[in-house]
S.K.: 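Dropping the structure in here first, questions after.
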Amino acid sequence: MANIVSFVNYKGGVGKTTLAVEIAVSLAHHYKKRVLLADLDPQTNATFYLLALEKWEKWAKEKGSLKEIFNAVTSNSLQTLDVHKLILRDFVIIPKTKDFISLHLLPSHLELMTTDIDLAVKFGTQGFEGRNILKDVFEKLMDEYDYIICDCPTNLNIITQNAFMASSSLIIVAMPEYLSILGIGQIEKACKRLSTEFACNAAIKGIIFNRVNSQTGGTMSQKSIIKQIRDKWQDIVFESFISQSDKITQSAGKQEPITLSCSANDKVYVNQLKQCVDEFIRHVNK
């Protein structure tokens, strides 16, 4: 039975997608888990992290993407849509062995930019049905995966609310800076509202700090912000963190997750991610 986890933050540029992808890859590679990464963000960055643009274009044209799910909803044809046909399998390769890892991808599409408007027109802005689409879709996949990882848009529009409704756990990725942590309280309020109005079961299970300026825990100001969040949120804040590195962003540009790297130069970041995944498993399985 799949554990559905959404990665969220209202602020862009914090590395939310990076950690969603790298943790999904690590779960599949290091822990041999069956993982589906669902790219819900119209920016499509999680998809492009793993898939070259040309391959995505070919797949989206021939097989489809997440967009087909919401198009089927607005055209009243979801019951006849086979979501399995949209999912890429056997495409992430371990460099050393050339074996595939057990990571699958439900790719996003740039045309999802207007989906929130389409859903609001069909269901209204307050309806239950428009927020339960992904939950219904994922229920058909629950026995096929150990984890379904959702990379959410940086907003609380209907697609993000769909992810919340489908998930049992929310992971907030933040940088140790003022603007990055502002949304944590708003995400908590959104959870409570969705719980009250729509019986949403999602809970914030973890806060991960990313792009910390040093391998020893950051600058004095960063350490102060991390302490402030830890004092308020206590044990849901991860002890592990990911330090700032161009190596990770360069890996994304080559569609080569650093988690799979065999280079000694990447070892620090690979180990940080492993520690992060160890905590992730403990947090979301509580």
S.K.: Salt-bridged, K227 to D231, with N to O below 4.0 Å?
M.R.: yes
S.K.: Should L88 and V137 be regarded as members of a common hydrophobic cluster, given that ILVMFWY residues are connected when their side-chain heavy atoms come within less than 4.5 Å of each other, either directly or indirectly?
M.R.: no
S.K.: CG of L182: more than 12 outside heavy atoms within 6.0 angstrom?
M.R.: yes
S.K.: Does the pair E188 and R193 meet the rule for a side-chain contact (heavy atoms from CB on, under 4.5 Å), with working shown?
M.R.: CA-CA 9 Å; E188 182 187 39; R193 182 176 66 81; over 6 Å; no
S.K.: Going by distance alone, is a donor N or O of one side chain under 3.5 Å from an acceptor N or O of the other, for E256 and S261?
M.R.: no
S.K.: Is the shortest side-chain heavy-atom distance between L66 and L86 below 4.5 Å?
M.R.: no
S.K.: Evaluate the side-chain proximity of L40 to D151: yes if any heavy-atom separation is below 4.5 Å, no if none is.
M.R.: no
S.K.: For V284 and Y147, what are the C-alpha separation, side-chain angles and deciding distance, and is it a side-chain contact (heavy atoms from CB on, under 4.5 Å)?
M.R.: CA-CA 10 Å; V284 302; Y147 292 93; 3.9 Å; yes
S.K.: Do E279 and C276 have side chains that approach each other closer than 4.5 Å (heavy atoms only, starting at C-beta)?
M.R.: no
S.K.: Do the side-chain N and O atoms of S167 and S169 include a donor-acceptor pair separated by under 3.5 angstrom?
M.R.: no
S.K.: Do you know the tightest heavy-atom contact between K247 and N265?
M.R.: CE-O, 3.5 Å
S.K.: Within the supplied structure, the quantity of interest is the number of heavy atoms (other residues, nucleotides, ligands) at a distance under 6.0 Å from K286 NZ; does it exceed 12?
M.R.: yes
S.K.: Using the side-chain contact (heavy atoms from CB on, under 4.5 Å) rule, take Q161 and L194 through it: C-alpha gap first, then chi angles, then the decisive distance, then the call.
M.R.: CA-CA 8 Å; Q161 291 179 48; L194 289 172; 3.7 Å; yes
S.K.: Membership question, hydrophobic clusters at under 4.5 Å side-chain separation (ILVMFWY): are L134 and L37 in the same one?
M.R.: no
S.K.: Are the side chains of L170 and K205 in touch, meaning some heavy atoms are under 4.5 Å apart?
M.R.: no
S.K.: Using a 4.5 Å cut-off on heavy atoms from C-beta on, say whether the side chain of I159 contacts that of D116.
M.R.: yes
S.K.: Within the 4.5 Å heavy-atom criterion, are N3 and V5 side-chain neighbours or not?
M.R.: yes
S.K.: More than 12 heavy atoms of other residues, nucleotides or ligands under 6.0 Å from CG of N157: yes or no?
M.R.: yes
S.K.: In terms of heavy-atom contacts, does CD of E57 have more than 12 from other residues, nucleotides or ligands at under 6.0 Å?
M.R.: yes
S.K.: Do L19 and I208 touch side chain to side chain, with heavy atoms closer than 4.5 Å?
M.R.: yes
S.K.: Treating Ile, Leu, Val, Met, Phe, Trp and Tyr as nodes and any side-chain heavy-atom pair under 4.5 angstrom as an edge, say whether F138 and F70 lie in one connected cluster.
M.R.: yes
S.K.: Please evaluate residues D39 and T47 with respect to the criterion side chain to side chain donor-acceptor pair (under 3.5 Å), reporting the C-alpha separation (whole Å), side-chain torsions for both, the decisive distance (0.1 Å), and the verdict.
M.R.: CA-CA 6 Å; D39 186 358; T47 299; 2.7 Å; yes
S.K.: Are Y145 and I4 grouped together when hydrophobic residues (ILVMFWY) are joined by side-chain heavy atoms under 4.5 angstrom apart?
M.R.: yes
S.K.: Could you tell me how the ring of H283 sits relative to the ring of F238: parallel (under 30°), tilted (30 to 60°) or perpendicular (over 60°)?
M.R.: tilted
S.K.: Any chance you could measure Y269, atom OH, to I242, atom CD1, to the nearest 0.5 Å?
M.R.: 10.5 Å
S.K.: Measuring only between side-chain heavy atoms, which start at C-beta, is L106 closer than 4.5 Å to I69?
M.R.: yes
S.K.: Pair K58, E62 - check salt bridge (Lys or Arg N to Asp or Glu O under 4.0 Å), show working.
M.R.: CA-CA 6 Å; K58 186 174 187 294; E62 295 179 359; 3.1 Å; yes
